[in-house]
Amino acid sequence: MKKILALSLLLISAGAVLASAPRSLGAYLSHSTFNIPGESPYLETYLEIIGNTIVYKQNASGKYQGNVQVTMIIRQDSVIKDYRKFELLSPELEDTTAVALNFIDQQRFILANGSYELDLSIADLNTAVKPTVITYPVLIDFPGDRVSISGIQLINSFTKTTEANLLSKSGYDFVPYVDNFYPSDRKKLTFYSEIYNPAHQEGSGEKYLVSAFIESFESKRMLNEFVRIRREESKPVIVLLSEFDIAGLPSGNYNLVVAIRNKNNEVIAENTAFFQRFNPAVSGSALNFEGIDLNNTFAQRINSLDTLREFIRTLTPIATEMERIFINSQINAASLTTLQQFFFRFWQLRDEFEPEKAWIAYNQEVIKVNNTYTTQVRKGYETDMGRVYLQYGPPNTITDVPFETSGYRYTNNDINSTGTIPYQIWHYYSINNNRERNKRFVFINSSLRVTDYQLVHSDVRGEIQNYNWQRMLTRSLDIQDRDADALKRDKSRSARIYEQGW
């Protein structure tokens, strides 16, 4: 296997925080998968260390520098496919009051198609704190008989390649944008992707329609002002490097979507990248429901203000960020007419032709959720389980573990466990309009007196992710993060349930 050395870069955006007062080590991890037709797929990992969360010590040149040890293990069915351990040095500081810059590492792993787990361990070598460890799922899937799309790499900046290096693709050097959060000072969203056509025939003349657009994460509604479309002739590899001006994009959760259609206008391949936008300067008027004619609509027939308010509250699990802001801030202040207009527009956006039918179907699910998940203090749709059910539908399987007397123990006995608290794992064969497959949600009941399970981890885009969620199950004390060696040891029963369903 080709060995590729780590490359550390200076991130353009950095926080002006005292380097002498670090918090616990902070980092962002993201990845993309690509393919080299005729050779092999590969995984790229992007790791950003938050500069103001590490300890700086004086080096031989008299300047201050941080040192982070990184261990990456790629596993497939408990077999180690690749292993790397290296140190990352931060940019040097003149003194401990200087700005602590974030710094980035990028790695490439040559891997065949399949499902893998990436064990990542990072440790600040200037402290005695044990490493922080997560286990991160990775799927590589580039079929040899149909069109496919690479991962969508978010880009911080790029330049033309003068000499090929680890950052090079398609004639450019790309500095990755590791985080998927775009604050208000970020005006551009730049991205890179590749489209592969293994069935390409030279001179075929076949054309494809390549589109990139931004859609609401919750409603999956395409935003018409954020669309790029171009026609491409058939090629083994089609390169897509583009950007959107997001200065006018309101705060919220979004998907960046890359899709390819054939001559029959059928989507034959699609990939998405989740991102969040914080842009308070753009007002909520983007909801655009003022002035809607309510005559002869189902919303007009809802004349009770209290009833309508409750109906609107139940929409929270599937509402966009802007819609939730309206619900939270205006539900008790807005007039009956305004709420009717909002309610009608909400469902019209989700089903233009039969909005009432969509509302009736959803309300039936709300009734089920309230009957099943209502607690002593919250209605069913307000609970984590109720929200997930309403947003994604019923899971295909539920593993319910009400109580374990000794469910969390490693073979080296470094954990003295007295069992786990109740938890459930929900498994979905597919989710988000079949865009994601084989996804799970982990709920725990940390308070045995209240039957209200809290969501602590999911591998679904846009959801809370805590790949050390097993540590939250134990009822014992003195639980420590696993070190790199512990990654190779036996896993607990809860991990086997999560991964294998038993």
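Because only heavy atoms are used, hydrogens play no part in the values below, and waters and symmetry mates are left out as well, while side chains stay in.
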Inset, instruction - May I have the step-by-step check of side-chain contact (heavy atoms from CB on, under 4.5 Å) for V456 and I464, ending in yes or no? - result: CA-CA 7 Å; V456 295; I464 181 174; 5.7 Å; no
Inset, instruction - Please determine which of T272, N180, L154 meets the side-chain contact (heavy atoms from CB on, under 4.5 Å) test together with L256. - result: L154
Legend entry - F174 six-ring face occupied by K169 cation (under 6.0 Å, within 45°): no
Inset, instruction - Could you check if a side-chain atom of E266 sits within less than 4.5 angstrom of a side-chain atom of R261, using non-hydrogen atoms only? - result: no
Inset, instruction - Answer yes if the ring centres of F278 and Y182 are under 6.0 angstrom apart, and no otherwise. - result: no
Legend entry - Check: F441 ring centroid to H427 ring centroid under 6.0 Å: no
Legend entry - Charged N-O contact under 4.0 Å between R221 and E215: no
Inset, instruction - Would you mind checking if E356 and R301 are paired as a salt bridge, meaning a charged N to carboxylate O distance below 4.0 Å? - result: yes
Inset, instruction - Kindly indicate whether a cation-pi arrangement holds for K220 with F217, taking the cut-offs as under 6.0 Å to the six-membered ring centre and within 45° of the axis. - result: yes
Inset, instruction - Report yes or no: do D105 and Q107 form a side-chain donor-acceptor pair below 3.5 Å? - result: yes
Legend entry - Side-chain H-bond candidate by donor/acceptor type, S32 with Q153, under 3.5 Å: no
Legend entry - Electrostatic pair D245-K187, nearest N-O below 4.0 angstrom: no
Legend entry - Aromatic ring proximity, centroids under 6.0 angstrom, F213 and F226: no
Legend entry - Modelled atom types, side-chain donor and acceptor of Y389 and Q391, under 3.5 Å: no
Legend entry - Whether Y428 and W426 hold their rings parallel, tilted or perpendicular, with breakpoints at 30° and 60°: tilted
Legend entry - Stacked cation flag R387 on Y392, 6.0 angstrom / 45 deg: no
Inset, instruction - Please say which of F346, F289, F343 ends up in a ring pair (Phe, Tyr, Trp, His ring centres under 6.0 Å) with F326. - result: F289
Inset, instruction - State plainly whether the residues K368 and E365 are in salt-bridge range, i.e. N to O under 4.0 Å. - result: yes
Inset, instruction - Check the side chains of S219 and T320 for a donor-acceptor pair under 3.5 angstrom, ignoring hydrogens and angles. - result: no
Inset, instruction - Please check if any side-chain donor atom of T135 sits under 3.5 Å from a side-chain acceptor atom of D119, or the reverse. - result: yes
Legend entry - Modelled atom types, side-chain donor and acceptor of Q454 and D384, under 3.5 Å: no
Inset, instruction - Give a yes or no on this: more than 12 heavy atoms of other residues, nucleotides or ligands lie within 6.0 Å of atom OH of Y362. - result: yes
Legend entry - Heavy-atom neighbours of N296 CG exceed 12 at 6.0 Å: no
Legend entry - Salt bridge present between R350 and E323 (N-O < 4.0 angstrom): yes
Inset, instruction - Under the salt bridge (charged side-chain N to carboxylate O under 4.0 Å, His left out) rule, what do E218 and R324 come out as? Steps first, then yes or no, please. - result: CA-CA 11 Å; E218 292 85 0; R324 279 195 290 268; 3.1 Å; yes
Inset, instruction - Return yes if some donor-acceptor pair links the side-chain N/O of T374 with the main-chain N/O of N371 below 3.5 Å, else return no. - result: no
Inset, instruction - Establish, from distance only, whether the side-chain atoms of N432 and R437 form a donor-acceptor pair under 3.5 Å. - result: no
Inset, instruction - Before accepting this row, confirm whether a basic side-chain N of the pair R230/E232 lies closer than 4.0 Å to the acidic partner's carboxylate O. - result: yes
Inset, instruction - Measure the acute angle between the ring planes of Y196 and F142, then classify it against the limits of 30° and 60° as parallel, tilted or perpendicular. - result: perpendicular
